[in-house]
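A quick write-up on the structure given underneath.
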Amino acid sequence: MFFRKKRGASAHEQGAAPHNPYGGSQSEDNAPGPYAGGVQDQSQGSQSKPAGDADGGLPLSYARPLSWLSLVVILLTSLGLSFFISNSARETLLTRQEGFARLLVENLNSQIFRRFALPTLMGYGHIALRQPAQYERLEQVVQSVIQGLPVERLRIYDFSRLVAYSTHKEEVGRAGLAPANLDEVLQGTALKSEIISTIPTWQAPFRLPLEEGTFVLRVLYPLKGEPLQPGQEAPIMGALELTQDITGDYEQVLTFQGIIVVMCLMSSVVLFGLLIMLIHRSERVLAERMHKNRQLEKQLHSNERFVSMGRVIASIAHEIRNPLGIIRSSAELLQRRTDKADAGTRRILGAIFDESVRLSQTVNDFLDYARPRQPKQDLVDVSLVLDQAMAFLEGDMARREVAVERKTTEGLFIRGDKDLLYRAFYNILVNGQQAMDGPGILRISGDHDGEGHVRIEFLDSGPGFDAAIVGNLLDPFFTTKDGGTGLGLPIVQSIIASHGGVIQLENGPDGGALVRVLLPEAHTGAQE
């Protein structure tokens, strides 16, 4: 109306291992056939366990794919939540910008009508923006309103779709700059604001920082006058186009969105890491429990076999021990009465006596293993027990040129049976002496380990344990001696275990066999 416009391995297989004196006690003999058969069956039974019991077949094997699935779910949920939050923030920002722009164009509409249109009509009778005076007056009104506000461009279109006014003066009078929906605005419709971008929206997060003018908010608003009479519609004078550069605000939204996404991803990774750690720990605990269960099951089967064997052994040994005692006493009596007999007869009688003593000791070993004695609960000084064992062996060790280095602290008291402990220490000392097979050094140490145990260590200067069979040396009937029964160390282990202790076999740091015995120390300050 008023304006014009411009332009926009198994035990029996290891029996052939190198000779190791720690395979049994000093007085062991060949085990009878039935016992060896029982041990072989046991080893074969332990080797024939189903492969499904291996650690690789844990019931928690499904946990790994489940953990990865949970990671995907967490990531998708986190990303969806982050985009929802960031989009909500963007919509809030844009809504605020739109509201500000609409208030601005409404204020411009009112100021232009009152401060420019009415005075110009009253002074000139018509509006002609081609006249410099009118154009300058409109320029002053517009600048007074948008001065200091984030307005990129303001255009006023007339009904011929030409740019009648623009904050960029080179656009005045140009055609082809009007938007496609300008006709609706010229008919009095206030359109919803829109965002115009020079790049696809999805590329914006990857092209930070954005150039100015990348995102522009455009508002189209009908330029209206005031009704001449009450009840009439306000006359349309043209159309206002307001554009704002919101690139900076959009960058802040994208930055906020990126922070949310990164934080969600980091929290997802942390949760996933915790989940994986818990799964690994659960698998490890379950594997340990399954291993213990297998060991207990194996021990249970072994105990069942040995209980049945023990009954047979006890019965046979009981029947053998009495005749052996008669043979031994008879041989000893004949030795005394045959002082004038020939040397051959004396030699035969001596052999009968020696072998009967050895067999008697072997029978006692079988009985001790088949029917272990429950230890007493007396207050025992370990140092005194070691003194008694060394007093009995020191003569033999001196003849074999075995030097003994002993270092034990005072106050090594435990609750137990000194007779059983004496036998255990005696067997260990004899095995160490036999392991050196000649001159050597036997070191004995005893102290408190700081964890409630009395620790006794026996270290010899012999060849040490064979790493291939050290794990089998405590198994019953396993021996590397030519004439052993394999019950020496198992009996020692049984005695130590009956006292609540542990026996450990390993090689010393500088060679030699190291036998470590840990026994619970007595928690009392008084000696009994």
Side-chain angles (χ1 to χ4, degrees), residues 21-28 357-358 360-362 364-365 368-369 372-373 375-449 453-462 473-474 481 484 487-505 508 512-522 527:
Y22 280 91
S25 65
Q26 78 283 4
S27 60
E28 294 170 343
V357 171
R358 186 177 67 83
S360 178
Q361 180 62 41
T362 301
N364 289 333
D365 286 343
D368 288 341
Y369 187 77
R373 194 176 78 186
K376 302 175 183 178
Q377 294 299 314
D378 299 331
L379 189 65
V380 178
D381 189 348
V382 175
S383 298
L384 293 180
V385 178
L386 289 173
D387 290 340
Q388 294 174 3
M390 288 303 304
F392 189 82
L393 290 172
E394 61 183 3
D396 189 29
M397 288 189 177
R399 286 191 298 270
R400 296 174 181 266
E401 299 182 2
V402 175
V404 178
E405 296 180 1
R406 180 176 170 184
K407 183 180 180 181
T408 56
T409 60
E410 297 181 357
L412 300 178
F413 291 99
I414 65 169
R415 291 284 178 179
D417 191 321
K418 65 178 181 179
D419 294 333
L420 291 177
L421 292 173
Y422 169 83
R423 182 170 185 185
F425 294 158
Y426 177 85
N427 281 342
I428 295 173
L429 290 170
V430 171
N431 283 341
Q433 172 185 304
Q434 294 177 353
M436 291 180 284
D437 194 19
I441 301 175
L442 182 61
R443 297 178 175 86
I444 305 173
S445 63
D447 59 1
H448 299 275
D449 68 348
H453 295 93
V454 171
R455 176 175 55 200
I456 307 98
E457 294 182 347
F458 304 86
L459 175 62
D460 61 55
S461 59
L473 293 178
L474 296 176
K481 291 184 177 181
L487 289 177
L489 286 178
I491 290 176
V492 173
Q493 183 189 32
S494 176
I495 294 174
I496 300 301
S498 66
H499 286 76
V502 177
I503 182 172
Q504 300 171 351
L505 307 180
L514 174 63
V515 179
R516 181 183 298 110
V517 176
L518 299 176
L519 294 168
E521 61 182 346
Q527 300 183 12

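Residue numbers run from 1 in the order of the sequence given.
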If you round to the nearest 0.5 Å, how far is [atom2] of [Y] from [atom1] of [X]?
X	Y	atom1	atom2	answer
Gln493	Leu505	CD	CG	8.5 Å
Ile428	Asp460	CD1	CG	11.5 Å
Ile444	Phe458	CD1	CZ	6.0 Å
Met436	Asn431	CE	CG	11.0 Å
Leu384	Thr408	CG	OG1	9.5 Å
Leu518	Ile414	CG	CD1	11.5 Å

Does some side-chain heavy atom of [Y] sit less than 4.5 Å from a side-chain heavy atom of [X]?
X	Y	answer
Gln388	Leu421	no
Leu393	Phe425	no
Gln433	Leu429	no
Asp417	His499	yes
Gln504	Val515	no

Between Ser461 (side chain only) and Gly440 (backbone N and O only), is there a donor and an acceptor less than 3.5 Å apart? no
Determine the sole option in Ile495, Val492, Val385 for which the side chain to side chain contact (heavy atoms under 4.5 Å, CB included) test with Leu420 is passed. Ile495
Exercise: identify the closest heavy-atom pair between [X] and [Y]:
X	Y	answer
Val502	Ile496	N-CG2, 3.5 Å
Leu386	Ile456	CD1-CG2, 4.3 Å
Leu412	Ser383	CD1-OG, 4.0 Å
Gly508	Leu459	CA-CD1, 4.0 Å
Val454	Phe413	CG2-O, 4.0 Å

Applying the side-chain hydrogen bond (donor to acceptor under 3.5 Å, both in side chains) criterion to Glu521, which one of Arg415, His448, His453 satisfies it? His448
Does Glu405 have more than 12 heavy atoms from other residues, nucleotides or ligands lying within 6.0 Å of its CD? yes
